[in-house]
Amino acid sequence: MNLLIKNIKQLVTVHSNGMPFKSGKEMRDLGVIENATILIENGLFKWIGRNAEFTQTVNENIDIIDASDLIGLPGFVDSHTHLLFAGTREDEFALRVEGKTYEEIAQAGGGILSTVQATRTATKKELKKLARRHLDTMLTEGTTTVEIKSGYGLNEKDEIKMLEAINDLTEECLMGIVPTFLGAHAIPPEFKNNSNGYVDLICTRMLPYIAQRKLAKFCDAFCDQEYFSVEQCRRIFKTAKPLGMNLKIHADQLTQIGASKLAAEMGALSADHLEQIDEAGIAALKQSGTIATVLPGVSFFLHCNYPPARKIIDNDIPLAIASNFNPGSCMSYSMSIMMTIACTQMSMTSEEAITASTLNGAAALGLSEVIGSVEVGKQADIVLYDIPSYQYLAYHFGTNHVAKVIKHGTYLDF
Ligand code: NIG
């Protein structure tokens with residue numbers, strides 16, 4: 001189906017200038033076109049420009065959207081989520097409100113391991129049904145591509161079950177989905193006093209099988225005290241890389257043990273979290289070109305310190321924003337709320353937050369040649385908002401302003 005969108009009041013293209021991402025001051029350059037027209041053919045952007053410059057005659061089978069009064073942005077690319085899970089943890093939310101920390105709750109047997117229990121019990125079909133509901137809502141809120149991690153199985157059978165479910169969803173849903181293997185998310189109860197034994201299992205059995213079946217594009221690991229050490233993560237990454245998997249890492253979230261330096265050393269595509277990143281970590285990321293992915297919803301939800309986004313951007317490190325949707329540390333996938341938090345709590349500008357949630361999110365998934373900006377030849381993922389200007393999006397938070405979503409040329413009206 002071909003589509004002509006005309007009279008877009010303001011079109012935020014986040015044009016990439018042929019680069020895979022934006023960093024430093026470039027993050028503020030959104031390539032805005034006032035009174036714009038877009039032609040979409042075969043799921044791709046075919047023509048983009050000002051209304052007055054569009055002189056082509058279109059054939060009568062084309063669908064036409066009049067977007068007067070609407071603002072267009074690239075679909076959000078949410079590059080870090082744990083969206084596939086069973087069970088919820090509102091009991092932990094109540095404990096935290098009363099003063100318990102995320103770490104204390106995990107040590108008492110809650111946290112990730114409680115979701116592991118529920119997810120192991122659920123069938124693949126049940127997990128997919130739960131995830132589909134989230135994916136459908138995310139699309140209506142402007143997210144058109146999402147990464148989903150395994151990591152609530154923590155044994156061969158259930159990690160594979162999770163990855164198969166994620167891969168099935170890729171086929172069955174309109175949403176763009178990128179699967180990540182996160183076997184090293186927590187030490188499973190069966191290996192409580194033998195974390196090296198679990199790392200052995202990941203390296204000798206899980207990774208080769210997952211790579212052979214191409215079940216995951218990325219290998220991720222939670223590198224932190226009480227989880228996986230730098231040495232253990234290095235071993236996992238050294239196994240995953242030659243198997244053709246790209247790397248991501250949960251770095252510097254709860255404590256500082258040198259995880260972002262490991263990300264740089266191993267050439268990880270992104271280092272995510274960074275609440276505790278230090279000067280050495282910033283210097284390492286700057287050198288390696290690793291994308292710093294910040295998750296504003298986590299600091300907000302857990303009431304802990306924010307990653308130093310301003311400093312990361314000012315050091316010219318490409319920065320992406322993701323939701324980290326999961327039942328423990330951020331029970332929200334609203335990328336526009338993530339942008340608001342990034343602006344109010346992390347001193348990012350609206351323009352930086354938009355770039356971080358679109359083009360740079362795509363770069364954190366190795367997909368910025370295909371998605372993340374409105375440019376001729378790219379996949380037609382565009383969201384039209386009923387707002388007066390693009391700055392309004394982060395400003396008027398907590399309300400869904402989406403009017404229409406176009407994913408790969410397919411049009412959803414709300
Ligand atoms: O990114 N840090 C590890 N994983 C998630 C939390 C997952 C959970 O609590 O279930 C995170 O914050």
Side-chain angles (χ1 to χ4, degrees), residues 78-96 100-122 127 130-131 134 146-154 158-159 162 180-189 195 218-229 232-233 236 248-257 259-260 262-263 268 270-277 292-307 320-333 338 341 364:
D78 190 348
S79 63
H80 181 138
T81 83
H82 306 254
L83 181 149
L84 191 89
F85 60 85
T88 50
R89 300 191 346 230
E90 55 274 38
D91 51 335
E92 294 182 10
F93 180 75
L95 289 172
R96 279 203 309 279
K100 286 256 182 304
T101 64
Y102 181 80
E103 292 94 314
E104 285 166 349
I105 292 167
Q107 274 153 17
I112 294 170
L113 291 185
S114 83
T115 300
V116 168
Q117 218 171 21
T119 304
R120 282 181 176 180
T121 309
L127 288 173
L130 290 165
H134 299 314
V146 65
E147 181 252 22
I148 310 180
K149 301 175 195 298
S150 69
Y152 291 128
L154 306 188
D158 293 298
E159 282 295 306
M162 287 192 75
T180 292
F181 172 57
L182 178 59
H185 193 196
I187 317 291
S195 61
F218 290 96
C219 174
D220 193 345
F222 187 7
C223 186
D224 217 309
Q225 236 170 52
E226 311 292 336
Y227 293 87
F228 295 88
S229 68
Q232 289 173 326
C233 293
I236 292 169
K248 288 183 167 288
I249 182 167
H250 281 61
D252 309 335
Q253 179 183 4
L254 305 171
T255 56
Q256 172 49 248
I257 62 167
S260 39
L262 177 68
S270 74
D272 302 26
H273 272 286
L274 309 177
E275 289 86 343
Q276 317 294 339
I277 194 170
T293 300
V294 297
L295 313 164
V298 174
S299 307
F300 176 77
F301 198 65
L302 298 183
H303 191 49
C304 60
N305 58 317
Y306 286 86
I321 289 176
S323 74
N324 191 23
F325 175 57
N326 75 80
S329 67
C330 186
M331 194 63 175
S332 170
Y333 37 65
M338 301 309 146
I341 302 172

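Index from 1, following the sequence. For clarity, every value in this text was computed on a predicted model and none was experimentally measured. In listed order, ligands and their atoms are each counted from 1.
- The aromatic rings of His80 and His273 lie perpendicular to each other, with more than 60° between the two planes, well past the 30° mark.
- Residue-level proximity to ligand 1 for Thr115 is absent, since no heavy atom of it falls below 4.0 angstrom.
- Shown are Thr81, Asn324, Asp220, Thr180; of these, the side chain to side chain donor-acceptor pair (under 3.5 Å) with Lys149 is made only by Asp220.
- Each of the following atoms of ligand 1 lies closer than 4.0 Å to a heavy atom of Asn324: 1 (O), 11 (C), 12 (O).
- With a 6.0 Å radius and a threshold of 12 heavy atoms from other residues, nucleotides or ligands, Glu104 has its CD atom above the threshold.
- Inter-residue side-chain proximity for Asn326 and Tyr152 is flagged as met; some heavy-atom pair is nearer than 4.5 Å.
- By the criterion of a heavy-atom distance under 4.0 Å, the side chain of Tyr102, and not its backbone, is placed next to ligand 1.
- Distance alone, capped at 3.5 Å, is enough to place a donor-acceptor pair between the Arg120 side chain and the Gly153 backbone.
- Gln253 places no side-chain N or O within 3.5 Å of a backbone atom of Glu275 that could act as its donor or acceptor partner.
- Of the polar atoms of His250, at least one N or O is found under 3.5 Å from an N or O of ligand 1, judged by distance alone.
- In this structure, of Met331, His185, His273, Arg89, the residue bringing a heavy atom nearest to atom 4 (N) of ligand 1 is His185.
- The shortest contact between atom 10 (O) of ligand 1 and any protein heavy atom is with Tyr152 OH, 2.7 Å.
- Atoms of ligand 1 found under 4.0 Å from any heavy atom of His80 (numbered from 1 in listed order, with element): 1 (O).
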